[in-house]
Amino acid sequence: MRRRGVISCTRNPFQLDWTNLTAADSLMKASHTTQTPQEAELARLLVETLNLEVTAETIDPEMPLYDEGLGLDSIDMLEISLVVSQRFGVKLRADDEHNVRIFSSLRSLNAYIQSHREP
Amino acid sequence: MTPKLLAQEWVARRERGSLPAIKLGVWIALRLNRRAARLFLYPICFFFLASSPAAVRGSRAYLARVLGRKPRLADIFSHFLTFASCLLDRVFLLNEQLGHFDIRVHGEEIVRAIEQRGGGCILMGAHFGSFEVARAVGRNQADLPISLLMYEENARKIRAALAAINPRLAAEVIGLGRLDSLIAVAERLRQGHFIGVLADRNINGRDMVSYPFLGAPAKFPQGPFRVAMLLQCPVVMMTGVYRGGNTYDVFFETLAEAPEARPKDGEAWLEGIMGRYVARLEQHCREAPLNWFNFYDFWA
């Protein structure tokens, strides 16, 4: 089983400090970091699907998902696209030029799902 | 050595030679015939033998394991020459000059059956022999739509080099540098593409698993196999073995049929398929030792 922490430093050791700073920074904007109920549901789905070591409630909805931040890689992105399509009927496509924005945070992913899911 | 350092080591040395040098090599190769171009390989290999102690060490460490004796300098030279021959032949293969070669294909019925079913498959290769000859067989004889998945930096170089050799093939390269790279793989699989991956190396050292390999544990990346599991597609090992002269043997071997559903015990499924992959790779190494093209300490 693959387990991961919130902070990963796969690239360089300085990234750790940088990530911490970002996390501290966003803590100060407390009003933006509270998960909405939909975001909380999506966070639980991601933690369960990807076997993440973090608890779903602690994921900052505005923290980057890919690479720095939550530290997910392209395999995780594939898993997310599969589970999102299965659970919500929303297809995430590789030729979508907005993918970087869609996957930029829990918040933006949730917003994309909500605006594209089948009624 | 930590996985990270190891990864850095091979990223740093992996492709010796810059793009202009590659382009020049391609230009010369395509203007000479294969026989004349091959004469250049001898001085080039002598040069690398004299100037690349790290590659010599890597070759020596591998050859000692696979041959079970202390390798001679002549063995290491032959090892380099085999590598250089495959690299040169890659130019002709990419240029679709298959007439130079005597290629024997084994297990073609496996890919034929997958093609008829549709839905594609993952072709697992290694830095062993010529993946290119196997791909050329698939593309030109069997007319399979094949895409290659590779690390972004390699992908960029290869796309640029392909522009000089065969621009039509550049679209067949999928770089791993994007967050949606594997979503693209999933889409191509659905269209019935065959996706080639070299599954013996990993750039970031993550998800590496140890398997016994030629008598000692070596680390292999789980990533490519995990992708195959997620996408529930058949997995075929594809190996092009160089026999010297102009002769190649291409082997297609089934590593796993497409699972009906996501395997309940994913880790067990991964262990099974990776075990088979490593065992087959070891078998190929024993049978054609000089085709191994990882010139660094693979067991570090």
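In what follows, every heavy atom counts, from backbone to side chain, and hydrogens, waters and symmetry copies are set aside. Below, read A as the first sequence line, B as the second, and so on, with proteins coming before strands; counting in each chain starts at 1.
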How many angstroms lie between CZ in B/Arg178 and OH in A/Tyr66, if you round to the nearest 0.5 Å?
9.5 Å
Does any part of the side chain of B/Asp180, heavy atoms only, come nearer than 4.5 Å to the side chain of A/Leu78, both counted from C-beta?
no
In the structure I gave you, are the side-chain heavy atoms of A/Glu79 and B/Leu230 within less than 4.5 Å of one another anywhere?
yes
Among B/Val185, B/Leu270, B/Leu231, residue most engaged with chain A (heavy-atom pairs, under 4.5 Å)
B/Leu231
If you compare all heavy atoms of B/Gly223 against all heavy atoms of A/Ile75, which two are closest, and at what distance to 0.1 Å?
CA-CD1, 3.5 Å
Closest approach of B/Leu179 and A/Met77, non-hydrogen atoms and distance?
O-CB, 3.3 Å
Contact origin within B/Arg262 toward chain A - heavy atom pairs under 4.5 Å
side chain
For B/Ala186, which atoms come within 4.5 Å of any heavy atom of chain A: side chain, backbone, both, or neither?
side chain
Test your reading of the model: is there a side-chain donor-acceptor pair from B/Glu187 to the backbone of A/Ala94, 3.5 Å cut-off?
yes
